[in-house]
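Lettering of chains follows the sequences in order, A, B, ..., and the numbering in each one begins at 1. Computed from heavy atoms alone, side chains included, the values below leave out hydrogens, waters and symmetry copies.
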There are 2 protein chains.
Amino acid sequence: MAEAPLYDDSLTIALLRARDAVTAPFREHVAEAGLTLQQWRVIRALAGGFELDTTTLSRRCVILPPSLTRMLRFLSEQGLVEQVPASDRRQRVVRLTDQGQQLFDRMWVTSQEKYAAIEAAFGTDETRQLVETLNRFRACLESQDHA
Amino acid sequence: MAEAPLYDDSLTIALLRARDAVTAPFREHVAEAGLTLQQWRVIRALAGGFELDTTTLSRRCVILPPSLTRMLRFLSEQGLVEQVPASDRRQRVVRLTDQGQQLFDRMWVTSQEKYAAIEAAFGTDETRQLVETLNRFRACLESQDHA
DNA sequence: ATGATTTAATTCACATGTTAAGTATTTTAC
DNA sequence: GTAAAATACTTAACATGTGAATTAAATCAT
């Protein structure tokens with residue numbers, strides 16, 4: 001009975017659900033360390049001593065600048081991130097503190113294990129092909145819009 | 001120089017970016033009508049006279065119940081949605097008002113056109129295959145977690 | 001039938017998403 | 001060298017995401 005009409009955005013819904021499914025185990029993992037997924041993305045982008053400005057972080061982590069401003073304030077207060085001087089004084093360049101790097105080190109192995117479990121479940125080749133398809137899809141749409 | 005380490009969540013990032021790319025034209029379209037993408041998803045789920053409860057809406061639109069509560073308050077205030085009596089008085093069952101249905105009718109054609117443009121750009125078969133792959137991926141992960 | 005359990009939705013508190021406007025710094029053009 | 005334009009980030013305001021606690025109603029067990 002009463003079936004919904006065909007969605008014009010089945011793709012959008014499928015992307016949302018896929019993201020929910022794939023992030024679930026990571027969300028749980030980082031929550032145990034008192035972090036959100038977004039905060040973890042920032043920490044990982046900085047792991048290994050990288051010093052990045054807000055714009056670069058925003059692109060790599062797919063987090064909008066206003067959110068990053070708030071997040072960096074929080075991460076600084078937690079002693080996980082610190083600011084470093086930048087030649088261009090408009091920029092805000094940050095890096096992990098020792099404490100931040102240690103937190104990363106503690107979480108990284110488990111994080112990788114969870115990702116490996118996903119690849120194992122869906123298939124390594126299929127997983128990589130999905131990532132490739134998604135990136136090609138995005139590139140395709142973005143080149144269309146800029147026309 | 002200074003390349004970031006390999007992400008363990010390239011899949012998460014790819015999903016986020018793909019979603020950003022695919023929703024961009026729709027976001028612009030619905031904003032002209034004073035709606036957000038999420039509000040538009042709810043309106044479309046109700047279009048055609050369907051009467052749905054919060055739980056069903058939450059699943060179909062991939063919007064968590066607390067967000068739906070706020071959104072339904074807003075949509076009611078705008079006169080787009082109205083509540084209908086439910087046999088189970090715990091449930092909140094809603095439907096579109098005439099005004100809501102008219103808004104949907106005005107937006108639907110353009111919305112479909114934009115989706116058709118995406119399919120045309122990436123390829124009809126490839127787009128459908130991507131949706132199929134995403135759904136299969138999600139089903140795979142969810143069956144893993146319930147183990 | 002009554003009390004315990006489950007279910008549906010809401011509220012709360014806080015984090016993030018999103019757009020527009022604002023501020024400080026740098027670059028460009030002249 | 002200085003004013004205009006561009007850049008990097010922040011702030012503000014509001015919408016949504018998220019998990020935990022709460023409330024009300026239905027179901028279950030006895």
Quick one: which protein N/O atoms are closer than 3.5 Å to N/O atoms of nucleotides 13-15 of chain D? Pair and distance per line, please.
none

* Can you find a side chain N or O atom of Thr55(B) that sits less than 4.0 Å from OP1 or OP2 on dA8(C)? -> no
* Start with the C-alpha distance between Arg59(A) and Thr56(A), add both sets of side-chain angles, then the distance that settles side-chain hydrogen bond (donor to acceptor under 3.5 Å, both in side chains), and finish with yes or no. => CA-CA 5 Å; Arg59(A) 289 192 190 136; Thr56(A) 304; 6.0 Å; no
* To do: Using a 4.0 Å heavy-atom cut-off across all strands, classify Thr54(A) as base, sugar-phosphate, or nothing.
  => sugar-phosphate
* Asked: Could you state the CG-P distance from Leu16(B) to dT16(C), rounded to the nearest angstrom?
  -> 14 Å
* Asked: So, the side chain of Ser58(A) versus the backbone of Ile63(A): is there a donor-acceptor pair under 3.5 Å, distance only?
  -> yes
* What is the ring orientation for Trp40(A) with Trp108(A), classed by angle as parallel under 30°, tilted 30 to 60°, or perpendicular over 60°? -> tilted
* Rounded to the nearest 0.5 Å, how far apart are OG1 of Thr12(A) and OH of Tyr115(B)? -> 7.0 Å
* Asked: Which residue, Leu68(A) or Arg19(A), contacts DNA chain D at a nucleotide closer to its 5' end, judged by nearest heavy atom?
  -> Leu68(A)
* In whole angstroms, how far is the C1' atom of dA9(C) from the CG atom of Leu57(B)? -> 13 Å
* Structure fact -> Atom CG of Leu64(B) and atom P of dT10(C) are separated, to the nearest Å, by 13 Å
* Structure fact -> Sorted by number, residues from residues 83-93 of chain B placing a heavy atom under 4.0 Å from DNA chain D are Ser87(B), Asp88(B), Arg89(B), Arg90(B)
* Asked: Does Thr69(B) make a side-chain N or O approach to OP1 or OP2 of dT10(C) shorter than 4.0 Å?
  -> yes
* To do: Can you tell me the distance, in whole Å, between the CG atom of Leu72(A) and the C1' atom of dA8(D)?
  => 13 Å
* Asked: In Å, rounded to the nearest 0.5 Å, how long is the span from CG of Leu35(A) to CE of Met71(A)?
  -> 9.0 Å
* **Glu132(B) with Arg128(B): basic N within carboxylate O range, under 4.0 Å** => no
* Heavy atoms of other groups near Asp98(A) CG, more than 12 under 6.0 Å -> no
* Asked: Between atom CZ in Arg41(A) and atom C1' in dG17(D), what is the gap in whole Å?
  -> 13 Å
* Structure fact -> Comparing nearest nucleotides in DNA chain D, the 5'-proximal residue of the pair Leu37(A), Asp53(A) is Asp53(A)
* **Ser111(B) (side chain) donor-acceptor with Met107(B) (main chain) under 3.5 angstrom** => no
* To do: Give, for atom CD1 of Ile43(B) and atom CD of Gln101(B), the distance between the pair rounded to the nearest 0.5 Å.
  => 10.0 Å
* To do: Measure from CZ on Arg73(B) to P on dT16(D) and round the result to the nearest Å.
  => 11 Å
